[in-house]
Amino acid sequence: MGAWWAPQTIATQSSKRVSMDQVMISDLHRHVGETVTIRGWLHGRRSSGKIQFIQVRDGSGIVQGVLMKKTVDEALFKRCDALPQESSLSVKGTVRAEARAPGGHELSLTEIEIHQEADRDYPIAPKEHSIGFLMEHRHLWLRSRKPHATLRIRATIVKAVRDFFDSHGFLLIDAPIFTPAACEGTTTLFEVQYFDEKAYLTQSGQLYMEAAAMAHGRVYCFGPAFRAEKSKTRRHLTEFWMVEPEMAYGELEDVMQLAEGLLTFIVERVLESRREDLKVLERDLSKLEAVRPPFPRISYSDAVERIKVRRAELLRSPDEEQRKLAEGCLTEWGGDFGAPDETLLSGQYDRPVLVHRYPAAVKAFYMKRDPADERLALCVDVLAPEGYGEIIGGGQRADSLEFLESRIAEHGLPREAFQWYLDLRKYGSVPHSGFGLGIERTVAWICGAEHLRECIPFPRMLYKIYP
RNA sequence: UCCCGGAUAGCUCAAUGGUGGAGCGAGCGGCUGUUAACCGCUAGGUUGUAGGUUCGAGUCCUACUCCGGGAGCCA
């Protein structure tokens, strides 16, 4: 066997042995009856006089090792009995199928090598903690079961996104992080000193993707986005990740189909490869299994009518929360949806709902108008089920130079900064469309997480940048 | 930025204006099948900060700081 990083070892994955007799816990079922070594950390420990139960985690899972007083050195037995949580250690033992063990397997331990005895004051105890305390210890909280499961699912979602676009003729194009001016001119940006001039951290790669789509046809970018808005809710981060596909010759209908296909693919992939992690999170799988195409589609105007009807019903509800929700909803055509509207609307479906053709006035300047009704933009938002809100926003882009020029003037945006963007309409302009998918919101929805901050390893939020 | 709630042991929380407690965690001891084990004992406190009211403040008042929830904005 070659070094653990040798290509064939990684490629086959038939056995994740990385050195000598080391085995990953997730692979134990392949080694029943064998003597193996696990290298990891002490997750938990219980002792009962002459027998000790030692839970070891190695990143791939958790396994319980059984240590009998008579089978090991007495000094070692005693030392283990006092070993603090999170101490690093290697254990050697025989793999045994054991019905009583959570993972189905157990180790009869024969040797233990302690690499470092952890301090005794590991702050995350096996008990309830407040979210503020856990966030302050995010660097350690990552080791706990739920954050561990959530970030594994996040990785699976990211991989699914890339696989989907890579296999549908989209080329990965990285958008810049430093930008010379606001992309949309609406949100507050983080300003940075860029040599002798001011620059901003990107809030979206979309405009750059429009340029790239004119070169490659179908493209997507995947990267961080930054918003300096003082949002303080469970649905906001100042730094979040977004995937943004853009299609030359794509129209609103194409965008809606693409969004539906992508979300279906992501949910399928997570269901087939991350069931164990979803179980750790106590996620209701039937809610995810319901996510099958076609997704319901509704126009903004129809949605407003539905909201008005539902609002009137809820205002008569005996439940105070329901009445409060209804009071927050909009009452007439023309306004953008707020959180209560989205909750009320998405609550009527068991899968993501596509809301299309919003009033142009509440959308970004680059949206193309609906030729059938000039008040409307050819755009679509996708609202996730179960109140997780908007996970996708997109639509068809304005392709007329004159139209864009007047919108930029109307919004008071600096024309020079957008000259390159206008060039795209001067040299071979075509209909084109795309959208942005918020990764953390998607992770939150699929994991059933309460807050976005659980869905990114080290969240950046209003006034919070530690650790 | 606005609205609401909170800050007491390492953590999660009790305590009518009248001598600050419990569970978990930690330490010591016991227990051969524990699953956030169990049983006994021990240690652990400038009640967020600064003022004020009162014979007396964890408790009432004011300001500030920090934390949580929500709104707007958005992915």
Side-chain angles (χ1 to χ4, degrees), chain A residues 43-55 62-71 77 81-82 84-85 96 98-103 106 108 119-137 144-145 183-184 186-189 203-206 223-244 259 321 324-325 327-328 335-343 362-364 381-384 388-394 435-445 450-453 455-456 461-464:
Chain A
H43 179 75
R45 175 172 54 73
R46 285 176 207 89
S47 69
S48 186
K50 293 179 179 117
I51 185 169
Q52 284 180 45
F53 302 97
I54 293 172
Q55 275 109 34
I62 297 173
V63 70
Q64 174 163 274
V66 183
L67 195 60
M68 309 290 272
K69 190 167 189 177
K70 61 189 175 193
T71 61
F77 188 85
D81 202 18
Q85 183 184 358
R96 204 155 36 73
E98 168 61 68
R100 286 172 291 187
E106 222 172 51
S108 297
D119 272 6
R120 295 200 173 267
D121 54 359
Y122 186 69
I124 303 179
K127 73 185 292 287
E128 297 285 332
H129 292 287
S130 67
I131 186 68
F133 178 81
L134 291 172
M135 285 312 319
E136 192 74 9
H137 297 86
S144 300
R145 297 193 72 185
C183 280
E184 305 181 8
T186 48
T187 46
T188 320
L189 304 185
Q203 63 168 317
S204 161
Q206 183 205 311
F226 308 88
R227 308 235 169 132
E229 233 127 47
K230 299 198 170 172
S231 302
K232 191 174 147 42
T233 84
R234 70 176 76 177
R235 291 186 305 278
H236 291 87
L237 298 169
T238 54
E239 178 183 300
F240 64 99
W241 287 69
M242 195 155 59
V243 58
E244 295 174 281
E321 288 221 350
K324 247 185 179 163
L325 179 71
E327 277 164 22
D336 200 1
F337 290 158
D341 304 291
E342 289 183 358
T343 304
V362 301
K363 290 291 177 182
D381 283 359
V382 180
L383 307 180
Y388 282 94
E390 185 185 337
I391 50 174
I392 284 180
F435 63 76
L437 169 79
I439 294 297
E440 289 75 17
R441 286 188 181 179
T442 304
V443 174
W445 162 48
E450 287 200 24
H451 307 85
L452 279 201
R453 62 187 161 203
C455 300
I456 185 167
M461 300 184 296
L462 183 58
Y463 304 130
K464 249 179 280 288

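Worth knowing before you read on, the calculation uses all heavy atoms, side chains too, and leaves out hydrogens, waters and symmetry mates. Naming convention: chains lettered A, B, ... in sequence-line order (proteins, then strands); numbering from 1 in each chain. All figures in this text were calculated on a predicted structure; none of them were measured in a lab.
- Contacts of A:Leu437 with the nucleic acid, taken as non-hydrogen atoms under 4.0 Å apart, are absent.
- Out of B:U32, B:U34, B:G72, the shortest distance to the side chain of A:Lys50 is found at B:U32.
- In the set B:C74, B:U32, B:A75, the nucleotide with an atom closest to the side chain of A:Arg235 is B:C74.
- Of the listed nucleotides (B:A36, B:G69, B:C74), B:A36 has the atom at the smallest distance from the side chain of A:Arg46.
- Side-chain to base pairing of A:His236 with B:C74: one donor and one acceptor N or O lie within less than 3.5 Å of each other.
- Taking atom CZ of residue A:Phe77 and atom C1' of nucleotide B:G30, one finds them 13 Å apart after rounding to whole Å.
- For the pair A:Leu383 CG and B:C74 P, the interatomic distance rounds to 14 Å; values are reported in whole Å.
- The separation between A:Glu106 atom CD and B:U34 atom P is 11 Å, rounded to whole Å.
- The residue A:Asp336 sits close only to the backbone: its heavy atoms come under 4.0 Å of sugar-phosphate atoms, none of a base.
- A:Lys69 comes within contact range of no nucleotide atom at all, as no heavy-atom separation falls under 4.0 Å.
- Between the side chain of A:Gln64 and the main chain of A:Phe53, no donor-acceptor pair closer than 3.5 Å is present.
- Taking 4.0 angstrom as the limit, A:Lys464 places a side-chain polar atom (N or O) nearer than this to OP1 or OP2 of B:C67.
- Taking atom NE2 of residue A:His129 and atom P of nucleotide B:A36, one finds them 15 Å apart after rounding to whole Å.
- If you check B:U1 for Watson-Crick or wobble pairing at under 3.5 angstrom, you find it paired to B:A71.
- Across all strands shown, A:Ala225 has no heavy atoms under 4.0 Å from either base or sugar-phosphate atoms.
- Contact annotation: A:Ser130 reaches the phosphate of B:U12 (side-chain N/O to OP1 or OP2, under 4.0 Å).
- At a threshold of 4.0 angstrom between heavy atoms, the contacts of A:Phe240 include nucleobase atoms, whether or not backbone atoms are also involved.
- For A:Glu244 and B:C74, the CD to C1' distance is 13 Å, given to the nearest whole Å.
- A:Phe226 comes within contact range of no nucleotide atom at all, as no heavy-atom separation falls under 4.0 Å.
- A:His451 is linked by a ring pair (Phe, Tyr, Trp, His ring centres under 6.0 Å) to nothing, counting only residues two or more places apart in sequence or in another chain.
- Considering only side-chain atoms of A:Phe53, the nucleotide from B:C74, B:G33, B:G69 that sits closest is B:G33.
- Side-chain atoms of A:Gln52 stay outside donor-acceptor range of the base of B:U34, with no qualifying N/O pair under 3.5 Å.
- Within 4.0 Å of A:Leu237, counting heavy atoms only, lies at least one base atom of the nucleic acid.
- Using a 4.0 Å heavy-atom criterion, one finds that A:Gly44 contacts no nucleic acid atom at all.
- Not counting sequence neighbours, A:Phe435 has no partner by the ring pair (Phe, Tyr, Trp, His ring centres under 6.0 Å) test.
- Side chain of A:Glu98, nearest nucleotide from B:G72, B:G33, B:G69: B:G33.
- Between B:C31, B:A36, B:U1, one nucleotide has an atom nearer to the side chain of A:Glu128 than all others, and that is B:A36.
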Could you list the protein-to-nucleotides 24-28 of chain B atom pairs, N/O on both sides, closer than 3.5 Å?
unit_1	atom_1	unit_2	atom_2	d
B:G27	OP1	A:Arg120	NE	3.2
B:G27	OP1	A:Arg120	NH1	2.2

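- Regarding A:Lys230, its NZ atom lies at a distance of 15 Å from the P atom of B:C3, rounded to whole Å.
- Across all strands, A:His451 comes closer than 4.0 Å only to sugar-phosphate atoms, never to a base (heavy-atom distances).
- Judged by distance alone, with hydrogens and angles left aside, A:Ser231 brings a side-chain donor or acceptor within reach of the base of B:C73, the pair sitting under 3.5 Å.
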